Every structure is written in structure tokens, then in C-alpha cells.
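Single-structure report; data block below.
Both ligands and their constituent atoms are indexed starting at 1 by order of listing. Each residue takes its place number in the sequence, starting with 1. Treat the numbers as computed from the prediction; the structure is a model and nothing was measured.
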Amino acid sequence: MSSITRQALKSFENAPNPRFKQVMQSLVRHLHAFADEVELTEEEWWEGIRFLTDTGHMCDGFIRQEFILLSDTLGLSMLVDEINHRQVANGTETTVFGPFYIDGMPDRAFGENMAFTPGDATLIHGRVLDTHGQPVADVVLDVWQTASNGMYSGQDVDQPTGNLRGRYRTDANGNFAIRTILPVCYPVPTDGPVGRMLDAAQRLAWRPGHVHFVLERPGYTRLVTHLFTEGDPYLGSDAVFGVKQSLQVVYEDRAEQDELSAQVGMPLPFKRAYYEFVLESE
Ligand code: BEZ
Ligand code: FE
């Protein structure tokens, strides 16, 4: 070990917070080992500093968070997700949160339409259960997805506020219903330093079609996940490594009304997917 590494490690020796000390000493050890392994040149060190500076400048404090995008495209976000959900019993699997969540979106009624821009009419419905198979009432499902142009409201100034976003709630039997449009595959933003990195690696920027969900109810572990579209061409090459088999749903073509679709006023024809989320007790 270089004496510089030894000195840098020692400089954290007296940190009063033991977790801070552990994390910082490990970070120093791995950073130094990395520089040693690749024999980092001064020009490359500068390029790294420029890259991180550009990444910070690309963040707008609202919806563009280039550091999250960097973490996502390096696989770090999904690794942290995996580390923190290792003891999952039989709850629904988690996946990446992503940078496009907006807090405080409107509460929506059972089956309310959250799409104010065109697309294939779609009904996503299902139930929320506990790990014993019992329905869970009053679960808030915070939902967001892109419009048919592959952009999120907030990211795309031409979309109305709250488009394809909303907070749904399960009824007394644990049922939920969301009227929306079919999610599309879309590329993560490539107009910043992360885009330059993907380009240099000849990597695809695409994510398969999905709808984001955060499920919350006191007494249960918060669930951050997606529903992916089965058959999407990018399921095997998600730019952020978020795909899990158990999170894929089939959208069936429906040409006629059924009781639920009539109740929520689906136009014909429409697509329909069913999913059962399982929440774990805290
Ligand atoms: C998303 O699905 O919204 C997303 C996730 C990670 C990076 C970029 C976008
Ligand atoms: Fe997304």
C-alpha cells in the first residue's frame, strides 16, 4: 500500500461517527486501488473532474438529476437496491426509482384517467395484498409514466402539469384501477455527460416501456417498483439494469366492455393489464 493511501486512511481514524469512518476509509481504499490499477494519468484525472463538474451543472434541483442518472447507468442504483432488499420474503420485487418523480401530484379516484395526451387507451388494475394473501386497503399508489413521445411531464414543458402522474388508493378489498395510455420505451436523457459516456461505450440509452409505482401504507415497507411491458424489445438491454422477470405484465387487447372497464369509462378498444402487488409488513 502506498504511504499516501496509508496517510489518507489514517486521517479519518479519529472520526467520532463510526459509520462515517467506515464508509470514508473504504471509499479511500477503493479509490486509491482504482487509480493504482489503471495507472490513472493526470489528463484522465482532469477529465474525471470535468465530467463530475458537468454532471453537477446538469442538475436543476427539480427534475433533471444527472448524478442519479450516472448512478443508474453505472448500475450503482440497482446494486444499492439489491443490497437493501436482500431479506425480501415474498413481497413484490423492487427496482430503480429514477430521476423523474415529482412529489405532491394529484389524488386520483378509482379508475380515474391520468392521461391528458394521446396514446393507446389502457387500464391497469389489480390488488394489493400482504404476504399472507390478505387484501390491503388504503394503500397509496403514486404512479408516473412518460407520454407517447417518451418524455415525462415536468421534463417536457408542452405537457400539462400532472399529466400521466397521480396518487391512487386501494379500496376496502385492496383493489386499484388506473386509466392511462400504453407506456412506450424511451431513451434516458443523452444531452449531458452521461449521454457522452454512453456514446463513448457504444451503449444503448433505451429503457423498456414501464410504469413507475411507489406503494405506501403505514405499517408496511414502502415499495418502489415498475411494471414493465412484456415483449418490449429493450427488456434485455435496459440502460439502467432495472428489469426483473416478476415485474412484467401482458397488455391484452379488449374490444368489448366488461364490468370494470364500463365502470371507469374506458373507450373502445383498449388494453388491459392485471397485477397483484405484495407489501411486506414493517
Ligand atoms: C426512469 O425510468 O424514469 C429512469 C430511470 C433511470 C434513469 C433515467 C430514467
Ligand atoms: Fe421511467
N/O/S atom of [X] inside 2.8 Å of the Fe ion (ligand 2), strictly under:
{"X": "T146", "value": "no"}
{"X": "H226", "value": "no"}
{"X": "Q145", "value": "no"}

| Does ligand 1 have a heavy atom under 4.0 Å from the side chain of L69, from its backbone, from both, or from neither? | side chain
| request: Using a 4.0 Å heavy-atom threshold (strictly under), name the region of Y152 that reaches ligand 1: side chain, backbone, both or neither. | output: side chain
| note | ligand 1 to H212, heavy atom cutoff 4.0 Å, flagged ligand atoms 1 (C), 2 (O), 3 (O)
| Quick one: which ligand 1 atoms are inside 4.0 Å of a heavy atom on F100? | 3 (O), 9 (C)
Check: [X] side chain, [Y] main-chain N or O, donor-acceptor pair, under 3.5 Å:
{"X": "Y168", "Y": "E112", "result": "yes"}
{"X": "R179", "Y": "G265", "result": "yes"}
{"X": "Q159", "Y": "M151", "result": "yes"}

Looking at the rings of [X] and [Y], which for Trp means the six-membered one, are their centres under 6.0 Å apart?
{"X": "Y101", "Y": "W144", "value": "yes"}
{"X": "F176", "Y": "F110", "value": "no"}
{"X": "Y186", "Y": "H210", "value": "yes"}

Shortest protein contact, [atom] (heavy atom only):
{"atom": "atom 5 (C) of ligand 1", "result": "G98 CA, 3.5 Å"}
{"atom": "atom 7 (C) of ligand 1", "result": "D72 OD2, 3.2 Å"}
{"atom": "atom 9 (C) of ligand 1", "result": "P99 CD, 3.5 Å"}
{"atom": "atom 1 (C) of ligand 1", "result": "Y186 OH, 2.8 Å"}

| ligand 1 contacted by W144 (non-hydrogen, < 4.0 Å) | no
| field | the Fe ion (ligand 2) - closest N/O/S atom in H212 | value | NE2
More than 12 heavy atoms from other groups under 6.0 Å of [atom1] on [X]:
{"X": "E37", "atom1": "CD", "result": "no"}
{"X": "E39", "atom1": "CD", "result": "no"}
{"X": "K244", "atom1": "NZ", "result": "yes"}

